Amino acid sequence: MGWLEQCYQIYEKNRSEVGKLSFNHRGWEAPMLLPVSHTTQKANVEVNLSGDGEFLSARVLRPDEMTTVIPCTEKSSARTSGPVPHPLADKLQYIAGDYPQYGGPKESCWAEYLAQLRAWCDSPFGLESLHAVFTYLEKGCLIADLLEQRILYTGEDGRLLQKWIGPKEETPDIFQSVKDPFETFVRFRVNGKSLSSDPSVWESYTSYYLSTLQETGVCYVQGREMPISFLSPYKIRNAGDRAKLISSNDNINFTYRGRFENVEEALSIGYETTQKAHSALRWLIGRQGIQNGDQTILVWGSENEPIPPVTGDSCDLACSISDEEELGDIFAPETPVANTREAFARQFNKAIQGYRHKLSEYSQILVMILDSATPGRLSIRYYRELSGSHLMDCIESWHRNFAWEMRYRSLQQEKNGKKTKVQVVFTGAPSPADIAEAAYGTKIDARLKQQTIERLLPCITEARSFPRDLMLSAVRRASNGIALQPWEANKVRNIACALVRGCYHQYKKEDFTMAIDESCRDRNYLFGRILACADQVEQYASYTANESTRRPTNALRYETAFTQRPAKTTELLRKQLLPYLERLIKSNKSTYAGELMLSLIDRIPPEDFTNAPLNELYLLGYASQRAEFYKKAETTAAESSVVTE
């Protein structure tokens, strides 16, 4: 079963949502599930008519009223610059008989529009409201009536004003609604009832248009004889999207030639099928799609099951099933970090279990990545159909195996009517977007970032092996933290550690934790711990001396050299640490880090204490040892506060 059939099934299962307002997870309005043979346009003016087709009034629509459901033909829904009228609501060029009289710059298509509307009205599916619109527009006085209502304006030459030349504060609404008044899009209301939101009008046109389709064939999706379509809808990712997923207008080159004689042999899809499938896809993208420039990532369940955020970090996953107040309690500023870790772990487990309960092995989850290489062509870069239980196994594995303590996230919280950002600390996996920036920098090219996210998505949804080149790139940037801003260096190091831990689990079946592994005798890991000790000695000595300026330590300045020539750089660091150790001894302060450094040097066998470059494992040794120092400092501070009390 392919994406077309899956989307078609989604439409059929959600027919009750057709024509209703839709909203995404942020509460913003999203594209609605459209009736067959309908599309949406931004209308500028609404004309109110009587049941007899007499003009009553007109008004300029507010921005929140402009989105309008309109009937369309195959050709009009795909029109670019060609003169193809919509069946009912359209621009002045099509529906105003007096368009040339007021200087219309384009070819008038009024006659074609009226012929098309007359055919609908005279069919068995015609409605009285449609006859009222036809009767009025046949008079050819639409622009004159809009001028009388002071909706449109003319200049001294009698032509429509294309730009307001009066005082700015007196600018009419129409000039704020549309750049060129000749491009005004008009919809209709008859006897006070809007035709654009009337289900009877939708059903009338759908039935009428399907009755006019004569070319039939076997639909490759449904497997039965029915009217077929060779013009697919656009506006898939957003209202301004002109790219199509299915296109066959190239009969000169080798789009299908060489394998098929004509387009009918290459692909045959029923008109109703493609209309419903594309409408459902547009609806799903608007509700739950993730936009990253031209790239769109969509994950949905065949029964509209709630789906965990596959492109978020562990914090996003935990937050997706809780409210802001609950998160505020977890990440409150006064909450100790240790308590935060425990509370976050409980919340994360709660989210995993919640999704597992709703996504069984019988649930079918679909994952799709859409991207466009050119403005007119949209491609499916990735598509998978997964069971709900398998997806949850893969997502949980990702968030547990690629977990590290992350200290770069913040959440917005509202307190006393004010929104503030609260720094959060959580143990979990980073998001694909953050991984891309950690590997290539915050100024990463948009296309490279999209490609990186595309490479990482199967690692999350299918548990594929993580690309080693991304991990190594992040490690290299983390090793050169001195060239980054402190916040970015911290973020890159956190993410790089998570990637190293996950890759070692996948490739070598070795599991590392954030706690110090005293049993690990790997030279890379031990050298990393030595670097952390050197960093701690200098930092602690500067802190006890109350130095106002905090410059980078020698350990961080030499980190890149340390990874290339560890033995030589260790000796250099030992010499440079002597003044700091003497300062600590004179101040009667602890020299635990310096003593541990010597102990770790002794643990490395002489044959391994060389200048052979270190691999990525040193980073885990460094980070784990730094975390141990932080933990020791927190414990000491807590004990001191208890004694003081």
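Nothing here was measured: the structure is a model prediction, and the numbers come from that model.
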Peer 1: Is it true that T184 and N44 share a donor-acceptor pair across their side chains at a distance under 3.5 Å?
Peer 2: no
Peer 1: Thinking salt bridges, do R455 and D469 make one under a 4.0 Å N-O criterion?
Peer 2: yes
Peer 1: Between R237 and S372, is any side-chain donor less than 3.5 angstrom from a side-chain acceptor?
Peer 2: yes
Peer 1: For K106, does its backbone N or O pair with a side-chain atom of Y99 as donor and acceptor, under 3.5 Å?
Peer 2: yes
Peer 1: Any side-chain heavy atom of P432 sitting closer than 4.5 Å to one from I460?
Peer 2: yes
Peer 1: Please evaluate residues T39 and Y234 with respect to the criterion side-chain contact (heavy atoms from CB on, under 4.5 Å), reporting the C-alpha separation (whole Å), side-chain torsions for both, the decisive distance (0.1 Å), and the verdict.
Peer 2: CA-CA 10 Å; T39 186; Y234 50 78; over 6 Å; no
Peer 1: Please step through ring pair (Phe, Tyr, Trp, His ring centres under 6.0 Å) for the pair F125 and W120, ending with a clear verdict.
Peer 2: CA-CA 7 Å; F125 311 100; W120 180 11; 9.9 Å; no
Peer 1: Do the side chains of L210 and E272 get nearer than 4.5 Å, heavy atoms only?
Peer 2: yes
Peer 1: Start with the C-alpha distance between I290 and T296, add both sets of side-chain angles, then the distance that settles side-chain contact (heavy atoms from CB on, under 4.5 Å), and finish with yes or no.
Peer 2: CA-CA 6 Å; I290 300 163; T296 298; over 6 Å; no
Peer 1: Considering non-hydrogen atoms only, spot the tightest contact between D371 and Q450 and give its length.
Peer 2: OD2-OE1, 3.5 Å
Peer 1: Would you find more than 12 non-hydrogen atoms of other residues, nucleotides or ligands less than 6.0 Å from E148 atom CD?
Peer 2: no
Peer 1: If you apply the rule ring pair (Phe, Tyr, Trp, His ring centres under 6.0 Å), what do you find for Y209 with Y271, and how did you get there?
Peer 2: CA-CA 11 Å; Y209 190 67; Y271 172 76; 5.4 Å; yes
Peer 1: Are any side-chain N or O atoms of W300 and backbone N or O atoms of P306, one a donor and one an acceptor, separated by less than 3.5 Å?
Peer 2: no
Peer 1: Can you tell me if N292 uses its side chain to pair, donor with acceptor, with the backbone of Q295 under 3.5 Å?
Peer 2: no
Peer 1: For S363, is there any backbone N or O sitting under 3.5 Å from a side-chain donor or acceptor partner on E303?
Peer 2: no
Peer 1: For residues 436-445, please give each side-chain donor-acceptor pair under 3.5 Å, one per line with the distance, not counting sequence neighbours.
Peer 2:
unit_1	atom_1	unit_2	atom_2	d
E437	OE2	K449	NZ	3.1
D445	OD2	R447	N	3.0
D445	OD2	L448	N	3.3

Peer 1: Would T68 and R187 count as having a side-chain donor-acceptor pair, cut-off 3.5 Å?
Peer 2: yes
Peer 1: Got a sec: does the CD of E128 have more than 12 other heavy atoms crowding it under 6.0 Å?
Peer 2: no
Peer 1: Does a sphere of radius 6.0 Å around CZ in R150 hold more than 12 heavy atoms from other residues, nucleotides or ligands, not counting ones at 6.0 Å or beyond?
Peer 2: no
Peer 1: What's the shortest heavy-atom distance between W283 and L33, and which atoms?
Peer 2: CD1-N, 3.5 Å
Peer 1: Could you check whether atom CD of E169 has more than 12 heavy atoms from other residues, nucleotides or ligands sitting under 6.0 Å from it?
Peer 2: yes
Peer 1: Is it true that, when you exclude R381 itself, more than 12 heavy atoms of the residues, nucleotides or ligands shown sit nearer than 6.0 Å to its CZ?
Peer 2: no
Peer 1: Should the heavy atoms of other residues, nucleotides or ligands under 6.0 Å from CD of E12 be counted, would the total exceed 12?
Peer 2: yes
Peer 1: Is the shortest distance from a Lys or Arg side-chain nitrogen in D316 or R409 to a carboxylate oxygen in the other one below 4.0 Å?
Peer 2: yes
Peer 1: Is any NZ, NE, NH1 or NH2 atom of the basic residue among R59 and E65 found under 4.0 Å from an Asp or Glu carboxylate oxygen of the other?
Peer 2: yes
Peer 1: Is it the case that the side chain of Y113 and the backbone of L88 share a donor-acceptor pair, with hydrogens and angles ignored and the cut-off at 3.5 Å?
Peer 2: yes
Peer 1: Between the side chain of D198 and the main-chain N/O of S194, is any donor-acceptor distance below 3.5 Å?
Peer 2: no
Peer 1: Are the side chain of T273 and the backbone N or O of I269 linked by a donor-acceptor pair below 3.5 Å?
Peer 2: no
Peer 1: Do L34 and V69 have side-chain heavy atoms sitting under 4.5 Å apart?
Peer 2: yes
Peer 1: Does either side chain, that of Q6 or that of S302, offer a donor lying less than 3.5 Å from an acceptor on the other one?
Peer 2: no
Peer 1: Over 60° means perpendicular and under 30° means parallel, so tell me whether F175 and W164 are parallel, tilted or perpendicular.
Peer 2: tilted
Peer 1: Under 3.5 Å, is there a donor-acceptor pair between the T40 and K235 side chains?
Peer 2: no
Peer 1: Determine yes or no for a side-chain-to-main-chain donor-acceptor pair under 3.5 angstrom, with D180 supplying the side chain and Q162 the backbone.
Peer 2: no
Peer 1: Between Y205 and T73, does any side-chain donor sit less than 3.5 Å from a side-chain acceptor?
Peer 2: no
Peer 1: For K193, does the NZ atom sit with more than 12 other heavy atoms under 6.0 Å from it, leaving out its own atoms?
Peer 2: no
Peer 1: Are I380 and I369 side-chain neighbours, meaning at least one heavy-atom pair lies under 4.5 Å?
Peer 2: no
Peer 1: For a quick test of reading the model, state the closest non-hydrogen atom pair linking V299 to Q288 and the distance between them.
Peer 2: O-NE2, 2.8 Å
Peer 1: Can you give me the closest heavy-atom contact between G158 and Y102, atom names plus distance?
Peer 2: O-CD2, 3.5 Å
Peer 1: Quick check: do K42 and T67 have side-chain heavy atoms less than 4.5 Å from each other?
Peer 2: yes
Peer 1: Output yes when a side-chain donor or acceptor of T206 lies under 3.5 Å from a complementary backbone atom of W202, and no otherwise.
Peer 2: yes
Peer 1: State, yes or no, whether a side-chain contact exists between K244 and I246 at a heavy-atom distance under 4.5 Å.
Peer 2: no
Peer 1: I need the minimum non-hydrogen distance between K139 and G53, along with the two atoms involved.
Peer 2: NZ-O, 3.5 Å
Peer 1: Strictly below 4.0 Å, N to O, side chains only: are K91 and E183 in salt-bridge contact?
Peer 2: yes
Peer 1: Could you list the residues that satisfy ring-ring contact (aromatic ring centres under 6.0 Å, His included) with Y355, not counting sequence neighbours?
Peer 2: none
Peer 1: What's the shortest heavy-atom distance between E138 and W110, and which atoms?
Peer 2: O-CZ2, 3.5 Å
Peer 1: Quick check against the 3.5 Å criterion: does H278 have a side-chain atom that pairs as donor or acceptor with the backbone of T274?
Peer 2: yes
Peer 1: Could you walk me through whether Y383 and E385 satisfy the side chain to side chain donor-acceptor pair (under 3.5 Å) test, starting with their C-alpha distance in whole Å, then the side-chain angles of each, then the deciding distance to 0.1 Å, before giving a yes or no?
Peer 2: CA-CA 7 Å; Y383 177 75; E385 298 179 11; 2.7 Å; yes
